[in-house]
S.K.: 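Let me give you the structure first, and then I'll get to my questions.
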Amino acid sequence: MRWGSSSRSGRSLPGLAVMAGLLMAGGAQARSVALQQGIDVSHHQGRIDWQQLPRQGVTFAYIKASEGGSHRDRAFAANWAGAKAAGLQRGAYHYFTLCRAGADQAANFIAAVPVDSTALAPAVDLEFLGNCDRRPTPDAFHAELAAFLRAVEKHYGKPVLLYLTEEFDQAYAVSARVDRRLWLRSLGKPPGFGARPWSLWQQSHSRKLNGIATPVDWNVAR
């Protein structure tokens, strides 16, 4: 599936085809394919000099906006504006917690992220790392996720992108039960999980870029 090409994808990225390898751990190139490359960031990256990023191959950014039912990322507004000023395609993501109602989490995200028809589809981060200790049943989890998706998709008019770790997908069969594009985390090697091919692959959590003081997550899109 081409990045942004399906009817469920919202607006596509620019037509620029970045010739890059499927980067392995340590930065070695495995093979050359036409990919878009980008980052995902939050306040943990500190102040970002967005103008330096396009010349390093960054074409898009997913920016953390919210978490759970009430938390807002304090750097979202600056990052949202900075990505646009640098000419990058930008999307916002929400970290989904297992201890708050999906409708409450959707309301938090909607309050944080302005409607922008040029933005990438909203994304929801589904993982255990950093989450609360509660582990709802699969049916209970999917009911809350469905409530989140309904509200967010109605508000923004675009299907939500699902960010998944293999552990989370194994526990809740998200990719099999929810028909949305997939953003899969698999560090150093192409994802070997998911019920269908990935649209976005988070292949590193330690990319170093001029303009960002800390290592950053690196993604490829197709």
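Worth saying up front: this structure is predicted, and the values here are computed from it rather than measured.
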S.K.: Quick check: closest heavy atoms across P197 and R222, and the distance to 0.1 Å?
M.R.: CB-NH2, 3.4 Å
S.K.: Show the nearest heavy-atom pair for residues Y156 and P114, with the distance to one decimal.
M.R.: CE2-O, 3.9 Å
S.K.: Suppose we screen for side chain to side chain contact (heavy atoms under 4.5 Å, CB included). Which residues come up paired with Q52, at least two apart in sequence or across chains?
M.R.: D49, R55, Q56, N210
S.K.: So how far is it from L149 CG to K154 NZ, rounded to the nearest 0.5 Å?
M.R.: 14.5 Å
S.K.: Give the intermediate values and the outcome of side chain to side chain contact (heavy atoms under 4.5 Å, CB included) for residues V152 and V124.
M.R.: CA-CA 10 Å; V152 171; V124 60; over 6 Å; no
S.K.: As an exercise, state the distance from CD of Q203 to CZ of R185, rounded to the nearest 0.5 Å.
M.R.: 11.0 Å
S.K.: Could you go through V160 and F109, starting from their C-alpha distance and side-chain angles, then the distance that decides it, and tell me whether this counts as side chain to side chain contact (heavy atoms under 4.5 Å, CB included)?
M.R.: CA-CA 12 Å; V160 170; F109 181 78; over 6 Å; no
S.K.: Indicate yes or no for a side-chain donor-acceptor contact from E67 to the backbone of D73 under 3.5 Å, with no hydrogens or angles considered.
M.R.: no
S.K.: Could you check whether any side-chain heavy atom of F96 comes within less than 4.5 Å of a side-chain heavy atom of Q105, counting everything from C-beta outward?
M.R.: yes
S.K.: Would a distance-only check, ignoring hydrogens and angles, find a side-chain to backbone donor-acceptor pair under 3.5 Å from N131 to T97?
M.R.: no
S.K.: Any heavy-atom pair between the side chains of V115 and H155 that's under 4.5 Å?
M.R.: yes
S.K.: To the nearest 0.5 Å, what is the distance between OG on S66 and OH on Y93?
M.R.: 9.5 Å
S.K.: How about R47: does its CZ atom have over 12 heavy atoms from other parts shown lying under 6.0 Å from it?
M.R.: no
S.K.: Does some side-chain heavy atom of W198 sit less than 4.5 Å from a side-chain heavy atom of S186?
M.R.: no
S.K.: Does K158 pair with D116 as a salt bridge, N-O distance under 4.0 Å?
M.R.: no
S.K.: Would you name the heavy atoms of A123 and Y62 that are closest together and state the gap between them?
M.R.: CB-CE2, 3.8 Å
S.K.: Going by heavy atoms in the side chains, are C132 and R100 under 4.5 Å from each other?
M.R.: no
S.K.: When you compare the side chain of I48 with that of V216, does any pair of heavy atoms fall below 4.5 Å?
M.R.: no
S.K.: Taking a hydrophobic cluster as the set of Ile, Leu, Val, Met, Phe, Trp and Tyr residues connected by side-chain heavy atoms closer than 4.5 Å, whether directly or through intermediates, do L98 and L129 fall within one such cluster?
M.R.: no
S.K.: Find out whether R177 and D139 are in side-chain contact, i.e. whether some heavy atom of one side chain is under 4.5 Å from a heavy atom of the other.
M.R.: yes
S.K.: Using only atom types and a distance under 3.5 Å, with no angle test, would you say the side chain of E153 pairs donor to acceptor with the backbone of R150?
M.R.: no
S.K.: Measuring from atom NZ of K84 to atom CD of Q89, what distance do you get when rounded to the nearest 0.5 angstrom?
M.R.: 11.0 Å
S.K.: Is there a side chain to side chain contact (heavy atoms under 4.5 Å, CB included) between F76 and V113? Walk through the geometry before answering.
M.R.: CA-CA 9 Å; F76 175 71; V113 182; 3.9 Å; yes
S.K.: For a quick test of reading the model, state the closest non-hydrogen atom pair linking Q51 to A85 and the distance between them.
M.R.: NE2-O, 3.3 Å
S.K.: Test your reading of the model: is there a side-chain donor-acceptor pair from R196 to the backbone of S175, 3.5 Å cut-off?
M.R.: yes
S.K.: Could you tell me whether K64 and D125 make a salt bridge, using a distance below 4.0 angstrom between a side-chain N and a carboxylate O?
M.R.: no
S.K.: Can you tell which of V174, L161, L164, D169 makes a side chain to side chain contact (heavy atoms under 4.5 Å, CB included) with L182?
M.R.: L164
S.K.: Do W183 and N219 make a side-chain contact, defined as non-hydrogen atoms from C-beta onward lying under 4.5 Å apart?
M.R.: yes
S.K.: Is it true that the side chains of W218 and Q37 contain a donor and an acceptor less than 3.5 Å apart?
M.R.: yes
S.K.: When you compare the side chain of N108 with that of R72, does any pair of heavy atoms fall below 4.5 Å?
M.R.: yes
S.K.: Identify the two heavy atoms, one from Q202 and one from Y163, that lie closest to each other, and give their separation to 0.1 Å.
M.R.: OE1-OH, 2.8 Å
S.K.: Same cluster or not: L200 versus Y95, using hydrophobic residues (I, L, V, M, F, W, Y) connected whenever any side-chain heavy atoms lie under 4.5 Å apart?
M.R.: no
S.K.: In a check of ring-ring contact (aromatic ring centres under 6.0 Å, His included) between F141 and each of F128, F148, Y172, which one passes?
M.R.: Y172
S.K.: Between G102 and E144, what is the shortest heavy-atom contact and its length?
M.R.: N-OE1, 2.8 Å
